[in-house]
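Below you'll find the structure, written out as structure tokens, and then a few comments.
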Amino acid sequence: MTPVDYISLFIITALFGFTIKLADLVNEHGLRLFIFDSYIFGVAWGMLGSLVIVSDVGTSGGAVSNAILAMILAFIVQLRIDYLNHAIGTVMIIITFLATSALAPKIFFVFFTSFVFFGALRAYLGDVRKQKDIWYRLSEPGWAHYYIVPFLWSVATGDWLVFVVFAIYRSCYNIAKYGLYRVGAYSRL
């Protein structure tokens, strides 16, 4: 990949993280920006996630695309695909992966198990215990599964694209979540 390809991938990844949270905010948190915003953001995050997968073809041995697929399938297992716009984006990403990428079982398994485990831990801490204490606050931004696991993968394999993509993705997701909350665009975190 050329430097321009990397910059393009990073911009697409940032927009992917931002739009996936916007799709969530319009359904579950009362954010309203314009008519049909739910569907537009569903298609947008599906297209952007698909572009991340396509951009990974031949660059990192499929690590980024397999990790993205693992994240999406973990969302399904955890019942996080709970609105039509989420389903639209999910189907677009799965179809793109099946059409352009190959399953790398080791990569997929590492990321899928970490997303399911840490996602379940976060759900338990916030939804079951219902205590917003230090343990919940540590798990809420997704540190373990979106930053630490990709970082450890990158250290072990020398493929830093995985860590950079997930760091950009989750940072922009959190910017959308906490930034729009702070400016009063919605009232419930």
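Quick caveat, the model's predicted, so the values are computed rather than measured. What's counted below: heavy atoms across the whole structure, side chains too, no hydrogens, waters or symmetry copies.
Taking 4.5 Å as the limit, some side-chain heavy atom of W153 sits within range of a side-chain heavy atom of I107. When side chains are defined from C-beta on, F117 does not count as touching H145, because their heavy atoms never get closer than 4.5 Å. The shortest distance between side-chain heavy atoms of L22 and L180 falls below 4.5 Å. For the pair I94 and L73, the minimum side-chain heavy-atom distance is below 4.5 Å. The shortest side-chain heavy-atom distance between W160 and F151 falls under the 4.5 Å cut-off. Under the 4.5 Å side-chain criterion, counting only non-hydrogen atoms from C-beta, I68 is in contact with F16.
Under a 3.5 Å cut-off, the side chain of S101 and the backbone N or O of S65 do not form any donor-acceptor pair. At distances below 3.5 Å, at least one donor-acceptor pair connects side-chain atoms of D5 with backbone N or O atoms of T2. Judged purely by atom type and a 3.5 angstrom limit, N66 uses its side chain to pair as donor or acceptor with the backbone of A104. Distance alone, capped at 3.5 Å, places no donor-acceptor pair between the T19 side chain and the F41 backbone. Judged by distance alone, with hydrogens and angles left aside, the side-chain atoms of Q78 form a donor-acceptor pair with the main-chain N or O of F115 at under 3.5 Å.
Scanning both residues, L48 and I12, for their nearest heavy atoms gives O-CG2, 3.5 Å. Residue L9 comes nearest to S55 through the heavy atom pair CD1-CB, 3.7 Å, listed as atom of the first residue, atom of the second, then distance. The shortest heavy-atom contact between V43 and M92 is O-CE, 3.7 Å. When all heavy atoms of I53 and T96 are compared, the pair lying nearest together is CG2-CG2, 4.2 Å. Between V26 and R32, the shortest heavy-atom contact is O-NH1, 2.8 Å. Summarising the geometry of D159 relative to A63, their closest heavy-atom pair is OD2-CB, 3.6 Å, with the distance given to 0.1 Å.
Note: the hydrophobic cluster containing Y83 does not contain F18 (ILVMFWY, side chain heavy atoms under 4.5 Å, direct or indirect links). At a threshold of 4.5 Å between side-chain heavy atoms, the hydrophobic network of Ile, Leu, Val, Met, Phe, Trp and Tyr places I35 and I88 in one connected group. Under the 4.5 Å side-chain heavy-atom criterion for grouping Ile, Leu, Val, Met, Phe, Trp and Tyr, I76 is connected to I20 within one hydrophobic cluster. Transitive grouping of hydrophobic side chains (ILVMFWY, heavy atoms separated by less than 4.5 Å) brings L98 and F111 into a common cluster. Note on V54 and V162: separate hydrophobic clusters, where clusters join Ile, Leu, Val, Met, Phe, Trp and Tyr whose side-chain heavy atoms are under 4.5 Å apart, directly or indirectly.
The other members of the hydrophobic cluster of I95, by chain and number, are V91 (side-chain heavy atoms under 4.5 Å, ILVMFWY only).
To the nearest 0.5 Å, the span separating OH on Y39 from CG on D37 amounts to 10.0 Å. With rounding to the nearest 0.5 angstrom, the CG atom of L69 is 7.0 Å from the CG atom of L103. Separation of atoms CZ (F75) and OG1 (T90) is listed at 8.0 Å; rounding is to 0.5 Å. Atom CD1 in I93 sits 11.5 Å away from atom CE in M47 (nearest 0.5 Å). Between the NE2 atom of H86 and the CD1 atom of I72 there is a distance of 10.0 Å, given to the nearest 0.5 Å.
The cationic group of R170 does not satisfy the cation-pi geometry with F166, failing either the under 6.0 Å distance to the six-membered ring centre or the 45° limit from the ring axis.
By the neighbour-count criterion of 12 heavy atoms within 6.0 Å, atom CZ of F10 is densely surrounded, having more than that number from other residues, nucleotides or ligands.
Looking only at atom types and distance, the side chain of S38 has a donor-acceptor partner in the side chain of N85 under 3.5 Å away. With hydrogens and angles left out, the side-chain atoms of N174 and S171 include no donor and acceptor closer than 3.5 Å.
Relative orientation of the F112 and F108 rings is parallel, given thresholds of 30° and 60° on the angle between their planes.
Between Y173 and W45, a ring centre-to-centre spacing not shorter than 6.0 Å is recorded.
Under the side-chain contact (heavy atoms from CB on, under 4.5 Å) criterion, A120 pairs with no residue, sequence neighbours left out. Partners of Y6 according to the ring pair (Phe, Tyr, Trp, His ring centres under 6.0 Å) rule, which considers only residues two or more places apart in sequence or in another chain, do not exist here.
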Dump the intermediate steps for side-chain contact (heavy atoms from CB on, under 4.5 Å) on Y181 and H29, then the final yes or no.
CA-CA 10 Å; Y181 176 76; H29 301 277; over 6 Å; no
